[in-house]
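What follows is a short report on a single structure.
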Amino acid sequence: MEQIDILYAIADLFEKHHISYLLTGSFASAYYAHPRSTHDIDLILAVEQAGSMKMIEAFKELDTSYVIPFTAIPQTMKSKGQFDIFHEGTSTKVDFWIVESDQFVDDYQRRHIVAMDGHRIPIISAEDLILTKLKWSKQIMSERHVRDCAGILAIQKDMLDYSYLNAQIKKHGLEKLYQLALKTEYQKT
């Protein structure tokens, strides 16, 4: 089993149980630019308060190679925090970032579905991924996030919605980091 198989297992499980999510982080960066090594998969979940039991029931269908914090899930979902599960065979961590359903719809309306080896994967838009990585870098400077942004900008340059991207960059005060990403030479890692 490889990391991508874990993503597919989670995607199939969430589709079966009608759990709204989207792929973000390194896997999304790899989709829009080039792959880089990572030991985690980042997913954003849109779950309402009553959704924790639905989530727990869905996770019970995974095999025993997954370490799942069943007792922490309800509180994490209530506080809109973050939890992770761990796949022992691949040493892969899957991070789940919980957001309100309304916020999910508003903040990630640009998401789209991609087909990967017969699996339907909702993925964050390239523009929103750039914004997310710049926001993280604003909190704690991350050269890796800036390099990811540089890669997305280099590879997706003709397909990006710059009017949306520039408006959001200004709205969130990310101009300096955006300029840094534009000046960063993109190198495959």
Side-chain angles (χ1 to χ4, degrees), residues 3-4 7 10-11 14-15 19-48 76-77 79-84 93-116 119-189:
Q3 285 182 326
I4 195 73
L7 174 60
I10 300 290
F14 284 0
E15 187 166 331
I19 296 171
S20 298
Y21 76 100
L22 63 87
L23 178 64
T24 189
S26 301
F27 267 76
S29 292
Y31 176 79
Y32 290 117
H34 288 288
R36 67 168 169 82
S37 62
T38 183
H39 292 288
D40 69 345
I41 299 169
D42 296 302
L43 302 174
I44 298 171
L45 293 177
V47 182
E48 298 181 20
T76 302
M77 293 178 72
S79 66
K80 303 300 181 261
Q82 180 268 334
F83 71 92
D84 55 66
K93 184 175 65 142
V94 183
D95 294 319
F96 297 92
W97 303 88
I98 312 300
V99 298
E100 296 276 353
S101 293
D102 291 345
Q103 179 188 357
F104 184 85
V105 171
D106 292 344
D107 291 354
Y108 303 108
Q109 60 185 306
R110 301 171 63 82
R111 68 190 178 279
H112 57 276
I113 307 290
V114 296
M116 295 182 182
H119 303 271
R120 295 170 34 87
I121 312 288
I123 190 169
I124 191 170
S125 71
E127 296 87 354
D128 287 330
L129 182 58
I130 290 168
L131 292 167
T132 299
K133 287 182 171 288
L134 292 178
K135 287 177 190 177
W136 278 105
S137 292
K138 186 176 180 179
Q139 291 179 7
I140 300 173
M141 184 54 189
S142 168
E143 288 182 29
R144 183 171 25 180
H145 285 319
V146 172
R147 280 195 316 269
D148 285 346
C149 291
I152 297 165
L153 289 162
I155 302 298
Q156 299 294 318
K157 63 183 170 191
D158 295 333
M159 294 175 272
L160 294 172
D161 180 347
Y162 288 100
S163 60
Y164 169 79
L165 185 59
N166 290 328
Q168 293 299 310
I169 285 168
K170 185 174 182 177
K171 176 181 175 181
H172 297 286
L174 302 170
E175 295 91 344
K176 288 182 182 177
L177 288 167
Y178 180 59
Q179 289 304 315
L180 178 60
L182 287 172
K183 293 176 185 174
T184 299
E185 184 177 328
Y186 174 63
Q187 299 174 355
K188 294 181 190 180
T189 55

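Residue indices begin at 1 and follow the sequence shown.
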If you define the side chain from C-beta out and look only at heavy atoms, does anything of [X] sit under 4.5 Å from [Y]?
X: Met141; Y: Leu177; value: yes
X: Tyr21; Y: Glu15; value: no
X: Leu23; Y: Ile41; value: yes
X: Tyr164; Y: Asp128; value: yes
X: Tyr32; Y: Ile155; value: no

Using 0.5 Å steps for rounding, measure from the [atom1] atom of [X] to the [atom2] atom of [Y].
X: Ile98; Y: Ser79; atom1: CD1; atom2: OG; result: 8.5 Å
X: Leu180; Y: Leu174; atom1: CG; atom2: CG; result: 12.0 Å
X: Ser26; Y: Lys133; atom1: OG; atom2: NZ; result: 5.0 Å
X: Asp40; Y: Gln3; atom1: CG; atom2: CD; result: 8.0 Å
X: Gln156; Y: Glu127; atom1: CD; atom2: CD; result: 8.5 Å
X: Glu143; Y: His145; atom1: CD; atom2: NE2; result: 12.0 Å

Candidate pair Ile169 and Leu165, rule side chain to side chain contact (heavy atoms under 4.5 Å, CB included), full reasoning: CA-CA 6 Å; Ile169 285 168; Leu165 185 59; 3.8 Å; yes

Nearest heavy-atom neighbours spanning [X] and [Y]:
X: Cys149; Y: Ala181; value: CB-CB, 3.9 Å
X: Arg120; Y: Ala11; value: O-CB, 4.2 Å
X: Lys157; Y: Leu153; value: CB-O, 3.0 Å
X: Lys138; Y: Gly173; value: NZ-O, 3.5 Å
X: Ser29; Y: Leu129; value: N-CD2, 3.5 Å

Go through the structure and list residues passing salt bridge (charged side-chain N to carboxylate O under 4.0 Å, His left out) with Lys135, not counting sequence neighbours. none

Check the angle between the aromatic planes of Tyr31 and His112 and answer parallel, tilted or perpendicular using the 30° and 60° thresholds.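 Ring orientation, 0 to 90° scale: tilted.
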
Relative to the ring of Phe96, is the ring of Phe14 parallel (under 30°), tilted (30 to 60°) or perpendicular (over 60°)?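 Phe14 and Phe96: tilted rings.
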
Just wondering, more than 12 heavy atoms not from Arg110 lying within 6.0 Å of its CZ?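 Buried by this count: over 12 neighbours within 6.0 Å.
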
For Ile140, I'd like to know if atom CD1 has over 12 heavy atoms of other residues, nucleotides or ligands within 6.0 Å. no

Against Val94, only a single residue in Leu43, Leu7, Asp84, Asp42 fulfils side chain to side chain contact (heavy atoms under 4.5 Å, CB included); can you say which?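 Per the side chain to side chain contact (heavy atoms under 4.5 Å, CB included) rule, the option paired with Val94 is Leu43, out of Leu43, Leu7, Asp84, Asp42.
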
Keeping to residues at least two apart or across chains, list the side-chain hydrogen bond (donor to acceptor under 3.5 Å, both in side chains) pairs with something in residues 171-180. Gln168-His172

